[in-house]
2 protein chains.
Amino acid sequence: MTCSFSKQEQVLQQFKGLTNQVSPKFERCTGISASRYELLSQLYQTDEINQSTLQKAVNIDGAAITRHLKQLEAGGMVARRRNPADNRVIFVSLTEEGRKQIVEYRKENMGFVKQMLHDFTSEEVDVLSDMLDRMQHNIVDY
Amino acid sequence: MTCSFSKQEQVLQQFKGLTNQVSPKFERCTGISASRYELLSQLYQTDEINQSTLQKAVNIDGAAITRHLKQLEAGGMVARRRNPADNRVIFVSLTEEGRKQIVEYRKENMGFVKQMLHDFTSEEVDVLSDMLDRMQHNIVDY
DNA sequence: TACTCTTTAGTGACAGGTCAATGAATAGTG
DNA sequence: CACTATTCATTGACCTGTCACTAAAGAGTA
């Protein structure tokens, strides 16, 4: 008999399959990529922040952050300036324009997320969120 | 007050953050990318299969499938031949070499997955798997 | 002060995913 | 039978992530 694959292994594959599907759909629905949306969200919640701490908050490689921010800056959504007290770091913040835009994006985002979780009770969402946290901890330094 | 982001929105971000972290770690641990592992797994379970049905099973764009399979073929893991009864389709199958290799990969994979889910009961794994399924259904044609 | 070590951002090369367009083979239909 | 429509695999262009490397600034120390 061909030995079957465990539930645990399945989960990992479901996981990957799901995110592969989510990313392009998210972008089509909202008009912005999930990563950029997350960057803007972070900035919306804390005005003026180190690029490096932003990077840690978002869990994306620094190289990608640099590129995203440069394009967001070119699009007028984001402003960047060096920290005069420490010329290595760059302060990032939302522009007025960016602040206006994110509100729009957010509406679309909520619609998308609601659809994805439309049959989840709020307890289930909590459970899911906890599980994701635990998985993250389990592999954080593997 | 800056209006806070809902749990639902957080989940989506956790999701993306987690998969971003998982993929490279998986590859480091197992010596093969998650996608290729999944392709080989599928082939392991069903010998000789249409490339297109393989693609659907794996939830990756056809373009990526073509490229993966070509490289796996070049590496001697996989064999491909045209279906003589329908010259459009390509049959894919594991070679003996591939069949031997996947057993090794699988050991590494199990180790990785076990670590990721080490504090999950089997009920929790089931619950998680169901949730992932439901989310997939919820967005499948959005 | 001079020397090394660390932190920060940026850059280049690569991998893996998407979409859009193509060509070849087959199916379906008047 | 001829013509159109669909399916399948492939290719090219693009986006976004990773890693490895670099340059510049600052921190720590002999």
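Below, chains carry the letters A, B, ... as their sequence lines are ordered, and counting in each starts from 1.
In this structure, B:Leu39 places its CG atom 13 Å from P of D:dA9, rounding to the nearest Å. We find that CG of A:Asn87 is positioned 12 Å from P of C:dG10, with the value rounded to whole Å. In this structure, CZ of B:Phe26 is placed 14 Å from C1' of C:dG16, rounded to the nearest angstrom.
Ring centroids of A:Tyr37 and A:Tyr105 are separated by 6.0 Å or more, keeping the two rings apart.
Within the structure, every side-chain polar atom (N or O) of A:Lys16 is placed at least 4.0 Å from both OP1 and OP2 of C:dG16. OP1 or OP2 of C:dT11 lies within a sub-4.0 Å distance of a side-chain N or O belonging to A:Lys70. At D:dC15, none of the side-chain N or O atoms of A:Ser33 fall inside 4.0 Å of OP1 or OP2 (strictly under the cut-off). Put simply, B:Arg67 has no side-chain N or O that comes within less than 4.0 Å of OP1 or OP2 on D:dA9. A close approach under 4.0 Å does occur between a side-chain nitrogen or oxygen of B:His68 and OP1 or OP2 of C:dG17. Taking only side-chain nitrogens and oxygens, B:Ser52 comes nearer than 4.0 Å to OP1 or OP2 of D:dA9. Of the side-chain N and O atoms in A:Arg80, none sit less than 4.0 angstrom from OP1 or OP2 of C:dA9.
Side-chain atoms of B:Ser35 and A:Lys16 include a donor-acceptor pair closer than 3.5 Å. A donor-acceptor contact under 3.5 angstrom links the side chains of B:Glu97 and B:Gln101, judged on distance only. Using a 3.5 Å distance cut-off with no hydrogens or angles, the side chains of B:Ser129 and A:Gln14 do pair a donor with an acceptor. In the model, A:Glu9 has a side-chain atom that pairs as donor or acceptor with a side-chain atom of A:Ser6 under 3.5 Å.
For the pair B:Gln71 and A:Ala63, both in contact range of DNA chain C, the more 5′-proximal nearest nucleotide belongs to A:Ala63. Remark on DNA chain C: of its neighbouring residues B:Asp61 and B:Pro84, the 5'-side contact belongs to B:Asp61, judged by nearest-heavy-atom nucleotide.
When distances are taken from the side chain of B:Asp86 to each of C:dT26, C:dC19, C:dT8, the shortest belongs to C:dT26. The side chain of B:Gln51 has D:dA9 as its nearest neighbour among D:dT18, D:dG12, D:dA9. Closest to the A:Arg82 side chain, of the nucleotides D:dG12, C:dA9, D:dT6, is C:dA9.
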